[in-house]
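Single-structure report; data block below.
For reference, positions follow the sequence shown, starting with 1. Scope of the values below: all heavy atoms of this structure, side chains included, with no hydrogens, waters or symmetry mates. If you're wondering where the values come from, they're calculated on a predicted model, not measured in any experiment. Both counts, for ligands and for their atoms, begin at 1 and track the order of listing.
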Amino acid sequence: MTKSTDSLSSEAINGLNGTCAIAGDKSISHRALIFSSIAEGTTKIRGLLKSKDVYSTLNALRELGVNISIQKQGLVEVTGTGMHGLQTPSNSLDLGNSGTGVRLLMGLIGSQQISATFIGDNSLSKRPMRRITEPLSQMGVEINDNNGLLPITVNGRSSPLPLSYRSPVASAQIKSAILIAGLNARGMTSVSEPTKSRDHTERMLGHYGISVFSENDSDGNYKVGLIGGGKLKAKDFTVPSDPSSAAFLIVAALITKDSNISLPNIGINSQRIGLISTLQEMGANIKMSNFKEVGGEEVADIYVSSSSLKGVIVPADRAPSMIDEYPILSVAAAMASGPTYMENIGELRHKEADRITVMAEGLRLAGVNVDETDTSMCVHGTKDKWGNSCINGGFRISSQHDHRIAMSFLILGLVSNDKIIVDGVSTIETSFPDFVRTINELGGRINTYKN
Ligand code: S3P
C-alpha cells in the first residue's frame, strides 16, 4: 500500500515565471565520485547532485574503503585510493534504485582484486544486468550472475583481460562499465556502439589524465577505447546542471499559458539534448545563450516561453541523446496538434519501469490516444483547430517506482481540467529532490495529497 504522504496532486496553473537553479547532473555526479575514488590524491567536487541515487553510489564507495566527506556549501571531498586500493566490503552493496550506480560499480569491482555482492530495490532487481556481466565475464571476471538479475556477486581481478566489445545497444552504462574495467587491463579495451551514447565517461577520464581514443569505425559505429595501466590523478571537478531535470521545467513552461522561465548553466552536451532539438522542431520557443565550459562539458543558460506545439517524427537515431526524456516528451506531444512518432525506443522498456506502457496507459486515462509497439510509441496530440488542447484530469496513477514517470504526470496535471494525483512520489528523490519546490516557486500547484 502506498502511504498517503507519498502522494502528490497537481492542478492547472496560469503559467511558470522566473529563474531557477537546477542541481547537478546525475550521470556526471556518479562518475565524479567513482573516478575520484580511484584517483591518486584528493578531489574536491562542487555541485554534486545530492539525490538518493548518487548517495547510493557514494555509500557503496565508502563501503569499499573510500574516504568521502561532505562539507559545507555543497563541497564533497574524496580521497582516492589509487588504482588498486579498494577493499572487499563487509556488507552487500545496496544500490537502491540506481541502474547507473550498480552497472558502473560492477565494472569498477571487476578490475580490483576484491569481491562484492550487489543488491537493489524491487525495480532495480528486475532490470537486466547481463548486458554488463556478459562482457565482464569475457574480461575474465568471475561472476555469479543469477540469471542476469540482482543479487549478483562480482569477484574481480587486479588485471582483467583487455576486450574489444561490440555493444548491441547504444548504452553509456555498458560502455562505461567496460571502460572502467579496462582501466586496469593489460592492453587496449574498446567498445563500439551503434549510435554514440552520452560521452561523460570519455570526457571525465580525460579530466583525470587518462587518454581515451574515439573514432567512427568502418560500419559507422562509434568506437571508444583506452590502454589499461594508466593512473587517474585527482583534479577538482565541477558538475554542470542536469539537462534531464531541466527537461521537466522546459516542457512545463512550453505547455502552460503565459510562461517565461530561465534556467542557468544547464549541460548541453550534444548526446544529452535531443529533447531540445525535438521540441524546437515541434515549434518550441527555446533559446540558449551565455555558452561556457564547466567540468569539460558545454553549458548554457536556457530560456523557454509558452509555445504552440505540433507533432513530429522523432528521428530514430536521436533516441540515445534523449533516452530519459521520452516520458516528458510524450506529455508535450499530448498537448500538441497531430501525432508525434517516437521510434527506436525499445530500451525504455528496461528503465526504472516499462516507460512505454506506463506512459501510454496514463495518457489514455487523460483522454489522449496512444499507440505502442515493442519499440515505438505514437502520441496523438489533443490540440484542435482552434488551438485548444484537452487533458482530462480527475484520475490517480502510480509512479511504478519511476521518478521520471512521477514527474511527467505531475507536469501533465498543470494543464489538466481536473487534478491528477500521483502515488509513490518519493521516488523523485532519486534524481530531482527539489522538483516540487522548484516548480511551485515558479508558480506551479503541486501539493501533498492526503486521502
Ligand atoms: C545513464 C545512461 C542511460 C540513462 C541513465 C543514465 C548513464 O542508460 O538512461 O539514466 O549515466 O550512463 P543506458 O546506458 O542504459 O541507456
Can an N or O of R103 be found at a distance shorter than 3.5 Å from an N or O of ligand 1?
-> no

Return the residue, atom name and 0.1 Å-rounded distance of the protein heavy atom closest to atom 14 (O) of ligand 1.
-> S171 OG, 2.7 Å

Between F35 and the options T201, I210, T43, the side-chain contact (heavy atoms from CB on, under 4.5 Å) test singles out T201

Side chain, backbone, both or neither: R31 near ligand 1, heavy atoms under 4.0 Å | side chain

Classify the angle between the aromatic ring planes of F237 and Y208 as parallel (below 30°), tilted (30 to 60°) or perpendicular (above 60°).
-> parallel

Counting only N and O atoms by type, is there a donor-acceptor contact under 3.5 Å from the side chain of Q280 to the main-chain atoms of I286?
-> yes

Contact partition for K351 relative to ligand 1, non-hydrogen atoms under 4.0 Å = side chain

The atoms of ligand 1 lying under 4.0 Å from a heavy atom of A172, numbered in the order shown, are 12 (O), 14 (O)

Numbering the atoms of ligand 1 from 1, which are under 4.0 Å from a heavy atom of I323?
-> 9 (O)

Part of H350 with heavy atoms under 4.0 Å of ligand 1, whether side chain, backbone, both or neither | neither

Any N or O of S176 closer than 3.5 Å to N or O of ligand 1 = no

Looking only at atom types and distance, does a side-chain atom of D121 sit under 3.5 Å from a main-chain N or O of S123, one as donor and one as acceptor?
-> yes

In terms of its nearest heavy atom to atom 6 (C) of ligand 1, the top option of D25, D53, T100, I28 is T100

Does an N or O anywhere in D324 fall below 3.5 Å from an N or O of ligand 1?
-> yes

Could you tell me whether E347 and R131 make a salt bridge, using a distance below 4.0 angstrom between a side-chain N and a carboxylate O?
-> yes

With ring centroids as reference points, do F432 and H403 lie under 6.0 angstrom apart?
-> no

The protein heavy atom nearest to atom 11 (O) of ligand 1 is S27 OG, 2.7 Å

